[in-house]
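First up is the structure itself, then whatever we jot down about it.
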Amino acid sequence: MLKKRTGVDLLQALTSGALVCGLDGRIVYANPALGRLIGAAAEQLAGNVFTEIVQPPVKVDCALCLGLQSGDISEVHSGFLKVFTQNGAVEELKVKIKHSRLGEEGVLSLIDPFSEDTILTQAHTDFVSTVSHEFRTPLTSIKGFADTLLHYGAQLPDEEKRRFITIIKDQADRLIRLVENLLAASRLGASRMDLSYRPIPLKKLLEKVAQSIQAKALSKTKVQRVFELSVNPESIELWADADKLEQVFINLMDNAAKYSPADKPVSVKAEYLPEDDGLVRVVVQDQGAGIPADLLPRIFTQFYRVENPLKQEVEGTGLGLYIAKSITGAMGGQIWAESTPGKGSAFTVVFPAATPERQAVHRHRLHAPEDEG
Ligand code: ADP
């Protein structure tokens, strides 16, 4: 049977570092796990000020961590713990901090190292919450309009019924896109990609993608989204898998449309680069809010969405660019982003052109016996 234990006994036994501070920020108690984390005896910490042990976290307004004696504490965030090494030097260990108020008495802070596992767990939690939200929104709408049609359909004018059915269809399409994206991402994760190469006329493909995004935008916002396409020379053909290539441009051009004002044109410029081994460069440039430079590498990772007001307003899962990058890489291309916050973003993709040499090599490979290479 469990022995009856006091609060302090429990904190003593905890594997997370624990600190109890008064409201003046002075440490009243530190547990042995915290002593182990910073390399000092826990008993000697009492009387120190919290900020002498924990560095204020970057960009977090937490009254306790900033050494302020009033103001809100931010409940969960990350920061740095000062670690005292054997030679007396001080190093910093990135930690996750969870503060809980102890009524008017003070604050209990639980402190754990911020490991790769924590980051993965966080990414997974974010994913589950993003996906649940993305599914729930269209489902709620489908159910609501279907219920209304079921109960009041007979009294509604035909035009109204048609409007409701269109909404149901649009939301079902949104669910299908979401499921397709999730499946595409999981297939990439398992590195299963069947590519069937052939020459793809680029101008035709870009026009097709632009038209499908324009139709979607028009039904949603009633604004005609403008894509300024230029393909030089117009006859450019890429050496790629048609469906996969289309998916790359859908993701890039759809993002440009989603994350920039509806009345600002999106430019899509393609150029043949003969001096670069027959490559083609396509730049999709918008005039949207842009992306901070330090986040540019992260937008190509799975499930990452930039934290800004657009995240709530704009439908998305954080999978589009991950899929675009994986597909581009698999087809021998490259993709990267440049952005000026407040001015817009430019996404560049470089793909091999369908040169006669490439096609000949491919034909040769197809017809060559296995052991030839
Ligand atoms: P999502 O489904 O969220 O659009 P993506 O993988 O396509 O996922 O993009 C990841 C994130 O990168 C987006 O959530 C957004 O924050 C940012 N992003 C992508 N394209 C643009 C753009 N053209 N302008 C501004 N932000 C962008």
Side-chain angles (χ1 to χ4, degrees), residues 57-62 74-79 94 96 114 116 118-138 174 177-178 180-182 184-185 188-189 213 216-217 220-221 225 227 247-268 282-329 334-349:
V58 186
K59 289 190 204 149
V60 174
D61 288 333
C62 174
S74 167
E75 304 287 326
V76 182
H77 54 79
S78 55
K94 184 142 199 235
K96 187 164 178 181
F114 200 94
E116 284 298 315
T118 325
I119 296 169
L120 281 180
T121 311
Q122 189 60 42
H124 183 251
T125 313
D126 288 352
F127 168 65
V128 172
S129 86
T130 306
V131 171
S132 330
H133 173 79
E134 290 300 322
F135 271 104
R136 195 177 305 125
T137 315
R174 179 173 164 184
R177 275 197 305 278
L178 180 63
E180 278 170 355
N181 262 345
L182 286 170
L188 295 175
I213 296 171
K216 194 178 93 178
K220 228 175 181 176
T221 61
R225 162 63 78 177
F227 284 97
Q247 204 170 359
V248 172
F249 289 118
I250 288 182
N251 287 341
L252 294 185
M253 290 163 65
D254 194 37
N255 277 352
K258 283 194 312 188
Y259 297 107
S260 72
D263 58 346
K264 296 267 169 63
V266 170
S267 131
V268 183
V282 187
V283 183
V284 179
Q285 170 123 42
D286 64 56
Q287 302 177 49
I291 304 157
D294 57 327
L295 302 181
L296 286 175
R298 297 189 66 184
I299 57 175
F300 292 99
T301 57
Q302 282 190 75
F303 311 123
Y304 184 76
R305 304 196 74 207
V306 177
E307 284 299 336
N308 59 22
L310 286 177
K311 185 175 165 186
Q312 301 308 326
E313 284 168 32
V314 176
E315 173 194 325
T317 51
L319 286 172
L321 290 177
Y322 166 74
I323 293 172
K325 190 175 172 103
S326 309
I327 294 177
T328 306
Q334 273 183 304
I335 185 169
W336 66 91
E338 288 151 294
S339 186
T340 312
K343 290 227 163 94
S345 313
F347 285 80
T348 304
V349 268

Determine the minimum heavy-atom distance between [X] and [Y], stating which atoms define it.
| X | Y | result |
| --- | --- | --- |
| Ala289 | Leu310 | CB-CD1, 4.3 Å |
| Gln247 | Ile323 | NE2-CG2, 3.9 Å |
| Ser339 | Gly344 | OG-O, 3.1 Å |
| Tyr259 | Arg305 | OH-NH2, 3.0 Å |
| Pro341 | Ile291 | CG-O, 3.8 Å |
| Gly290 | Ser345 | CA-OG, 3.5 Å |

Drop me the distance from [X]'s [atom1] to [Y]'s [atom2], to the nearest 0.5 angstrom.
| X | Y | atom1 | atom2 | value |
| --- | --- | --- | --- | --- |
| Phe135 | Leu182 | CZ | CG | 5.5 Å |
| Thr301 | Leu319 | OG1 | CG | 10.0 Å |
| Arg174 | Thr137 | CZ | OG1 | 5.5 Å |
| Lys216 | Arg177 | NZ | CZ | 4.5 Å |
| Leu321 | Ile335 | CG | CD1 | 6.5 Å |
| Asp254 | Ile213 | CG | CD1 | 5.0 Å |

**Message:** Using side-chain contact (heavy atoms from CB on, under 4.5 Å), reason through Asn251 and Phe347 one step at a time and then give a plain yes or no.
**Reply:** CA-CA 11 Å; Asn251 287 341; Phe347 285 80; over 6 Å; no

**Message:** Using side-chain contact (heavy atoms from CB on, under 4.5 Å), reason through Arg225 and Val266 one step at a time and then give a plain yes or no.
**Reply:** CA-CA 8 Å; Arg225 162 63 78 177; Val266 170; 3.6 Å; yes

**Prompt:** Would you call Lys96 and Val76 a side-chain contact if the rule is heavy atoms closer than 4.5 Å?
**Reply:** yes

**Message:** Would you say that more than 12 heavy atoms from the other residues, nucleotides or ligands in this model lie under 6.0 Å from the CD of Glu75, or not?
**Reply:** yes

